[in-house]
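Atoms within each ligand, like the ligands themselves, are counted from 1 in listed order.
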Amino acid sequence: MTSRNMRGDGSLIIVMGRDATDEDNRRVIDRLEAAGAEAHVSAGKSRTVIGALGDPAILATLPWEAMGGVESAVPVLRPFKFVSRDFQSDDTVVSVGDVLVGGDNFAMIAGPCAVETRDQLFTSAEAVHSAGARILRGDAFKPRTSPYSFQGLGEEGLQMLAEARDEFGMPFVAEVVDPRDVDLVASYADLIRVGTRNMANFTLLAELGKQSKPVLLKRGFTATVEEWLNAAEYIYKEGNHDVILCERGIRTFETSTRNTLDISAVPVLAQLSHLPVIVDPSHSGGRRELVAPLTRVAVAARAHGVMIDVHAEPETALVDGAQAILPAEFSALMEDVRALAGVMGLKL
Ligand code: PEP
Ligand code: MN
């Protein structure tokens, strides 16, 4: 898959018929490439869809529907193309290590906000693992509002996370803040997170699109759903299709929470996009006592998982202590999640 500068955003979705052969598909792709367009193929359960991006004038004049195997060719009117449901009707399921995120799976992701010491990380990892979390969170690079706050342990933190992964058999997610650190973070992490402040850092997104580790894209705290899906498109169109979205609250007039969890985004995204979406009840509410109710709401909305800050001694945490829940609170919450997931037909 290639990417190059396109004139305009000419885009077509070419739906192949149920009986289309590999050769029919190949002919369409060759024709697109000969027209200087980019072709992205999505092989669904019953039919193949070929998304095309290219010069609108050329794409519109070629007789697609006369080609063997083609059922229909329709322009994509939305600004985001390949991440839309129009392009792929089946849910995307992303593998994070051996954990599936998307479809009917509900992923429990938990751990400390930041890696502070080896002991602190291992205590939290051990606790969330024994309670049933499947993916560990913990950051080595922290984007902080104040330049004087703790910025993370860097590569040393990533090494500790890799040791915790080996010890507990849990893949881990960690944030990348700087495009220059993408290769470093990708060499350790199983899932690379883009934080709210970097959602519109298009250079960073394109870099992440060119490497092969899955990406967890948090919503910008002032971004609309459409802007967020456009950000996901930046990653997807570079060739990395393993993108998970994370609703983490938006800035509103409300001050009783850190940000307002936009739970509507979960069903809205289920209509607009095939990508999985998880919820962060810790960074949205910003308060420990809100984590359990917001998690329960996320399961009921059929999110594909939650990511929760857990710290054994929140009062000493270097980052976000006010929202971290205790290991015992996390275990109790797991019970609620198991029960609700059963009701919603989600697998843990
Ligand atoms: C985080 O998950 O640790 C984080 C910094 O979140 P956000 O980017 O959503 O503030
Ligand atoms: Mn945090």
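- Evaluation of the side chain to side chain contact (heavy atoms under 4.5 Å, CB included) rule for Phe202 yields Ala200, Leu205, Tyr234 as partners, not counting sequence neighbours.
- Just one of Thr203, Asn201, Val176 meets the side chain to side chain contact (heavy atoms under 4.5 Å, CB included) condition when paired with Leu208; it is Val176.
- At least one test fails for Arg165 against the ring of Phe168: distance under 6.0 Å to the centre or angle within 45° of the axis.
- No donor-acceptor contact under 3.5 angstrom links the side chains of Asn105 and His304, judged on distance only.
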Arg302/Asp104 under salt bridge (charged side-chain N to carboxylate O under 4.0 Å, His left out): CA gap, chis, key distance, verdict = CA-CA 9 Å; Arg302 249 179 167 279; Asp104 292 334; 3.7 Å; yes
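- With a 4.5 Å cut-off on side-chain heavy atoms, Arg219 and Ile250 count as touching.
- When hydrophobic clusters are built by joining Ile, Leu, Val, Met, Phe, Trp and Tyr residues whose side-chain heavy atoms come closer than 4.5 Å, directly or via intermediates, Ile325 is grouped together with Val115.
- Taking both residues in full, the closest heavy atoms of Gly111 and Val128 are given as N-CG1, 4.2 Å, listed atom of the first, atom of the second, then distance.
- Under the rule for a salt bridge (charged side-chain N to carboxylate O under 4.0 Å, His left out), the partners of Arg180 that lie at least two apart in sequence or sit in another chain are Asp178.
- Near ligand 1, residues Cys113, Arg137, Asp139, Lys142, Glu175, Arg193, Gly195, Thr196, Arg197, Lys218, Arg248, Asp280, His283 come within 4.0 angstrom through at least one heavy atom.
- Listing protein N, O or S atoms at distances below 2.8 Å from the Mn ion (ligand 2), with waters left out, gives Cys113 SG, His283 NE2, Asp320 OD2.
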